Structures are given as C-alpha cells and as structure tokens.
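The next block holds one structure in the form of structure tokens; read it before the comments.
Chain A is the first sequence line, chain B the second, and so forth, proteins listed ahead of strands; every chain is numbered from 1. Keep in mind that what you see is a predicted model, and the values were worked out from it rather than measured.
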Amino acid sequence: MTKVFILSSLSLVFVGLYGVLTRKNIVKILIALNIIETGINMLLVAFGYIEGGLTPILQSDLSIANLDKMVDPVPQALVLTSIVIGLGTTAFALALAIRYKNTHNSNLITATDEEG
Amino acid sequence: MNSVVFLVVIPLIAAFLSLFLETKNKIIMYLVTFFNLLFTIFIFKSGCIPFNVAIGGWKAPYGINFVVTDITIYFLLLVNTAAVISITLVKDIKEYQFYSFYFVLLAATNGMVLTGDMFNFYLFTELSTFAIAGLVAYKRDRLSTGAALKFLILSSTASLFSLASIGLIYKTLGTLNFADIAVKLPSLNQASFNLILILFLSSMLVELKIFPFNLWVVKSYEGSITSVNMFTHGMLGTAGIYGAVRILLIVFPNMYKTNISTILMILSFMTVIIGEVGALKEKI
Amino acid sequence: MKDEKSLFLNIVTLLILSFMAFYIYKVSIDTGSGIKITDNITPKMRVADKYLKKNVLDEKSTYAFGQTAEDTSANIVTSVVVDYRLFDTTLEVIVLFVTILGFGFVIPKDKRSIKKPSVILYRWAPILMVLMLIIGGYMFINGHLSPGGGFPAGAIISTSILIGVLSGRKTVKSKTLKVIEAIAGISIFIIGIVSFFIKGNFFQNFIVGDRIGDLFSGGLIPVFYGLIAFKVAAELSNIYFEFYEEC
Amino acid sequence: MINFAIFVAVIMFLGAVWTVLTKDVFRAIVIFGIVSLMSSVMFLLMQAPDVAITEAAIGSAITTALFIFTYKKMEDKRDER
C-alpha cells in the first residue's frame, strides 16, 4: 500500500513539474503548480502511513490500547496547513493573472514587459 | 523573557487594525516600528541572552520555540534598524493594503530570525513571499504586475521543494526542531542527506537572490517604488541571510564529502560575474 | 520556427526530469550505514509518540477515555493543529489574510452585470443556505471529536454566501464581512496575549479540567476553531463578491 | 483494498497527464477538479479523514471554482476587444 501511495504522489509531482516548465499559458501554469502541490501533500501523508494503520481519533478505551498502530498525526497536521497555503497562493496568482491579461493583453507568460 | 513573542504579535495585530484606521495608518506604522526597535534594544540590554521561549508551554522538541542567541540579537537589531530607515522613504500613500503588507513583512522577517522550528520557518518565508509580492505589485502597471506574477510562481515552486524536504526530515529523523535535527543528523545516510540538502538549498537560493534564481530581482526592482526596494533588500535580505546561515551551516554542518561553503562560494561568485555582465549590457 | 523552439524546450525539460527521477532512484537503492529515506521503520524518539500518548509535560503519565489529560481533544490531529502547534495555525490564518488582501488589491474593478437567476434557484436558495450553515456549524463545533475543523467549516459556510450571491439575494454587505474578519483575526491574537498574562506563555490552553470525549472538552480548541471558521468564511466570501459584484 | 488504491492512482495519473497536455483551458480546469477529488479519496485510504475533508472542500471545490471564475473573466475580456 505504501508503495502505491508514494509512487502515485511522485508521478503527480513529476507531471506537474513538466507542466510548470513547458506550458506558456498562465492559467495552465497555475493548474500545474496545484498538481505539484497535491502530489507533495500526498507524499507527506504517505510518509506517515503504516500498513494496516488506524485513524488517529480516540473513540473508546479500545483505541487508547492501540495507540502504537495509529498512523502518524503530525504529517496530517502539516498538510492541513499546506492545503490552505496553496489556496492562498492560487487566489493571489489568479488575481495577478487577470490584471496581467488587462495590462499585457495576452495570457502567455512570455509576453514582453516593455511598453508598446 | 517570554515576551519576545510581542515582536511578532504586535505587528500582526496592527496589520488587522490598519483595515479601519484610514488616515492614521502612517502614525501606527511609525509607532509599531519604533516599538520593535526599542523592544529589541531592551532585550539586548537585559543581559539574559541566550534564552529559549516555548510557545504555548510545550517544551523544546515538541512545541514551537523561539531561540535567541548572540548572533540572533544582532540580526534582529539589523532587521529592525533597516525597517526604521526604510519607512522614512514612504511618501503619502493612501491605500491601507500597503500598510498591511508592510506590517506582515515586519512580523515575518522578525519571525524568520527568531524561530527554532523547521515548519514555522517555512511559514514565515511564505508570509514574507506574499507580502513582498503584494508590495511589488503596488504600482499595478505593466512592469510591476509581470514582475510580481513571475516572482510568485518562482517562489511558490521553490517553497514546495522545501516542503518536500521538511517531509523527508520528519520521516527519517522524526523531529522538526533545529537543535534536535542537528543532534540526530549524523545518523543519516549520505545519499539521503544529499537529497534533503539539495531540495532545501534550491528553495533558499530564491530568497538569497543567488545565481540560477536571481532573474526576478531586476524586474521587481525596476517595477516597484523606492521604499519597497528598501524593504526587499534591507529586511527580507537580512532575515534570509540569517536563516540560510543558521540552517545551512549550523543545522546542516559540513559533514561527509558535501562541502556547502564551497558550493555557496562558487554560486555567489557566479552571481557577481553574471550580474555585472548583465548590468553592462543594460541600456541606460 | 516557434514549434522547433517549443520541441527543444520539451526535450530539455524531459531530460532534466528524467535526471531527477534517476537521482531519486539512486538514493532509494543506495546501501550505506545509517537511516535511509526508504526505510519502512518509524524513527525512534519521534515527536508524534508523545502527542499520541499525551505526556509531553509529564513523562510517565497515562490516560483513559472519559478522563482528563494534558490535552483533552479526542481527535489527535486537531490536538496537534490547534494545541501543540497552535502558532503554526495562527500564521496560516495570516497567510490567507494576506493573500486575499492582495487579491482584492490587485484584481481590476470593471463593470459586470449578472444574468437574472432562474426562479427555482431563487426560491430554493434559502433552504440550501441554511443547510450549508448547519453543516458548517456542526463541523467546527465538533472539530475536536470528529474529522473536520475550522478550515473546511469556513469553506462550507462561505459556500452558502456564494449561493446567495448566485441567486441574486442580498445576504451580507462586503463591509460587514471585513469587520467580521478583522474582529475574528484580532481576537485570536488577543486570546494568545491573555494567556500570556494568565499563565505566562503565549497561546497556552488555559481552560483545563474537562474530560476526553465530552462535547465541551478540549479547552480553547472549539473557540479557536469557531474564530478560524468565521474568519475563513468572511475571507472566501469577499473573493466571491469581488468576482460577482455589480458595480 | 489495494486494487482500489491502484485504480484510483491510475485515474489520477491519467487525469494529471491529460490536464497538462490538453490545449483547452476550461477542460484542463475541470479535469484538475477530478484529480483533486481522487487525491481526496487517496487521503481517505491513508486513514487521514481530516485531510480528506479539507482537500475536498478547499483543494477541490473552492480552487476549481476560483479557476472557473477567472477563466470566465479572462474570456469576457477577449470578447470585448
């Protein structure tokens, strides 16, 4: 199971990196950035996974007896933070992209910055 | 000395308050910046350095903590002095967003110098990135919009690499505290060490404006107003240098065959040469 | 000419990426002494062990369900996010604040009119909105017992305002949202400072004595999650207003 | 269970490749939403329900909505000129 998770998240990271490096449309670049971010988040959670692990929520005395079998809660907490940061990045960059379209009259990242 | 957290908390509260105080923002800006400088001098004079602040009462490797050492206090003085000097250049600006960005940048640079936790450092760098991007885009014309967009895309890609390296550190060593990482790092494999180091270095180079990633600097300096340039160089540059010095040379010391000082020296040498060549080619 | 350049770029990118993939593969098969990245064992002395056993302050202490402990949240992810690493969460709130401030600052304001919504959407919108509010409220109140928490709760509450905007009903003013956002943001830090004056540490959980599994447990966790939920909802709603406001 | 995980992973990978390669921006946005939703299922399989809910609400729904709003706004601009 762990191998499936890690390989799938790494593949997402590489596909997203390819997109960021080769695409020229700004919206496509931002989508690719989001794909990388999803991949990294999955990688972090997969690092905390153990085979046959339990959800880290205490429901009864039975779950307190099985604390060693629970998956690692710290990467999940970090990923909760990083998802929200990703939303912030996307929102800010999209607003900049709309203004970029207004000022440059183009949605390609290669448009020149000089006037005229 | 638990009250050192005020250096971060007071500017953040001011960032919220600046949504309402329309014309008084400038006074608040001077007040908060001078408060930070005076508080730093007070800590410097108090004579209880070095000390360690556990936020929330959780002790060092388990919670987030602020570390103040002899080097930290000097860099803190530098950052706050740079802030005081650069706000004198701020002319009459009416938009409250400018002041909010400034307060967040002040808090983020103070925090980058103070923090002793890996993920907290990542968050402070993100915070400073967004504040700088907003300040660069302040003029909202053709040049500044392009510069801000390119800077934002570059630095968020870089910060994702540093997030991956934080995950690798947590998986192998099981901790996020700087001091704890430095103790446990010698038990790591050479290849794993190199991978973590490469991922982290590539993200730090953007903040430090070193060669392969320094192309955003020219555009953003051209596109933004003078005081923003002072912020970028005086505050973010100083804090970034301290963060890099601590993380690269204290947390990741020169071990095995990887000599970080040599790599950094070669890269900065190339930065100087290529930057000068680029400046000569620029038409006046 | 342009296609050739693009083909060249693609080939170079693929070469770089395959080099990176090869390097990662080499790291994974490397046989040296010490801890490896691909090791499947959990490291000794991991931080999470103390979080799971809830004995950061007292080495030997144990706890049972329905009893008190140093942190009484039943959902351990929540207890890490809002108690052990609360300072991270407050900074994350600031990140969202800054980016959305920048969003409103940068986005060009131009005239835009919305099409008139259909009658079905107009009639059914209040029911959907109330449903969304109930789900969001449940999520942040129960954030310390079940999966969920402040951030998705805020997102869901903001969806109800989005439905209001799309169906053409006036719900809240954008100025009110700004006030809510600032008050929630300031009070998070005020609580942190208050705990400094009560307990001597910033952002310490100063309500103690409740039991794991109760609705009213976790000390300050539900308070913080409520504030975060309102703040996130106000910020995200501001984005929708920026897009769909009739100027 | 492992077959289901592999199935979801393959869908996610193909969706990501399609998103990056397609010429149509709107289609890319919608398929990115599907990829994000599939990653939420993967988080559920990794025993992380908190992250799954957050990813479904924020990473999938609101990010996709923002992309679509922006796309419409940029398209409107082109029609005016």
Side-chain angles (χ1 to χ4, degrees), chain A residues 2-3 6 10-11 13-15 17-24 47-51 55-103, chain C residues 6 9-10 12-14 16-18 20-21 24 38 40 42 46-49 51-53 62-66 73-81 84-85 88-89 91-93 95-108 110 145-147 149 151 155 212-213 232 236 239 242:
Chain A
T2 318
K3 268 191 181 138
I6 286 183
L10 274 181
S11 70
V13 171
F14 277 101
V15 170
L17 268 179
Y18 175 78
V20 167
L21 290 174
T22 59
R23 298 297 106 172
K24 295 201 177 64
F47 283 157
Y49 182 77
I50 43 178
E51 295 289 336
T55 313
I57 295 177
L58 310 173
Q59 277 148 351
S60 60
D61 277 325
L62 195 67
S63 54
I64 293 179
N66 286 332
L67 282 180
D68 291 334
K69 283 183 191 164
M70 282 185 178
V71 298
D72 202 330
V74 178
Q76 297 186 17
L78 302 187
V79 165
L80 274 184
T81 309
S82 90
I83 286 175
V84 180
I85 289 176
L87 172 72
T89 315
T90 312
F92 197 3
L94 283 176
L96 278 171
I98 294 172
R99 183 162 281 282
Y100 190 88
K101 169 91 180 175
N102 269 13
T103 53
Chain C
S6 158
L9 186 67
N10 278 356
V12 169
T13 312
L14 281 177
I16 294 172
L17 289 185
S18 52
M20 281 170 67
I24 291 175
T38 45
N40 226 345
T42 51
R46 158 177 92 125
V47 185
D49 289 335
Y51 293 159
L52 284 169
K53 287 179 184 140
T62 54
Y63 64 98
F65 199 77
S73 155
N75 187 345
I76 291 172
V77 178
T78 302
S79 83
V80 175
V81 169
Y84 292 111
R85 304 184 68 89
D88 276 355
T89 311
L91 287 178
E92 174 191 3
V93 167
V95 168
L96 203 58
F97 166 73
V98 169
T99 51
I100 283 162
L101 202 69
F103 183 90
F105 181 58
V106 167
I107 195 167
D110 44 69
L145 298 178
S146 59
F151 293 99
I212 300 169
V232 170
L236 292 178
I239 291 190
E242 295 287 346

With respect to chain A, which residue among C:Ile107, C:Ile76, C:Val106 yields the maximal number of heavy-atom pairs within a distance under 4.5 Å?
-> C:Val106
Looking only at A:Ile64, A:Thr89, A:Val74, most heavy-atom pairs under 4.5 Å shared with chain C are made by A:Ile64
C:Leu96 portion near chain A, given a 4.5 angstrom heavy-atom threshold | side chain
d(C:Asp88 CG, A:Leu78 CG) to nearest 0.5 Å is 7.5 Å
Under 4.5 Å to a heavy atom of chain A? For C:Tyr84 that would be neither
Is chain A contacted by the side chain of C:Ala21, its backbone, both, or neither, given a heavy-atom distance below 4.5 Å?
-> both
Of A:Thr81, A:Leu67, A:Leu87, the largest count of non-hydrogen pairs under 4.5 angstrom with chain C goes to A:Thr81
The residue among C:Leu52, C:Leu145, C:Ile212 that forms side-chain contact (heavy atoms from CB on, under 4.5 Å) with A:Leu58 is C:Ile212
If you take all heavy atoms of C:Phe103 and A:Phe92, which pair is closest and at what distance?
-> N-CD1, 4.2 Å
From CG (C:Asp49) to CE (A:Met70), nearest 0.5 Å | 12.5 Å
Pairwise side-chain contact, A:Leu80 with C:Glu92, heavy-atom cut-off 4.5 Å (strictly under) = no
Taking the side chain as C-beta and beyond, is there a heavy-atom pair between C:Val95 and A:Val84 under 4.5 Å?
-> no
Heavy-atom distances under 4.5 Å only: say whether A:Ile83 touches chain C with side chain, backbone, both or neither.
-> neither
When every non-hydrogen atom of C:Val77 is compared with those of A:Pro56, the smallest separation belongs to CG2-CG, 3.8 Å
Does A:Ile57 reach the side chain of C:Ser146, with side-chain heavy atoms less than 4.5 Å apart?
-> no
Please name the pair of heavy atoms, one in C:Val80 and one in A:Ala77, separated by the smallest distance, quoted to 0.1 Å.
-> CG1-CB, 3.7 Å
Begin with the C-alpha distance, continue with both residues' side-chain angles, and end with the deciding distance and a verdict on side chain to side chain contact (heavy atoms under 4.5 Å, CB included) for A:Leu17 and C:Met20.
-> CA-CA 11 Å; A:Leu17 268 179; C:Met20 281 170 67; 3.8 Å; yes
Shortest non-hydrogen pair, A:Ala91 vs C:Ile239, comes out as CB-CD1, 4.2 Å
Contact summary for A:Phe14 and C:Ile24, nearest pair of heavy atoms | CZ-CD1, 4.0 Å
A:Gln59 versus chain C, heavy atoms under 4.5 Å apart: side chain, backbone, both or neither?
-> backbone
To the nearest 0.5 angstrom, please state how far the OG atom of C:Ser18 sits from the OH atom of A:Tyr18.
-> 12.0 Å
A:Thr22 versus chain C, the contacting section by heavy-atom distance below 4.5 Å = both
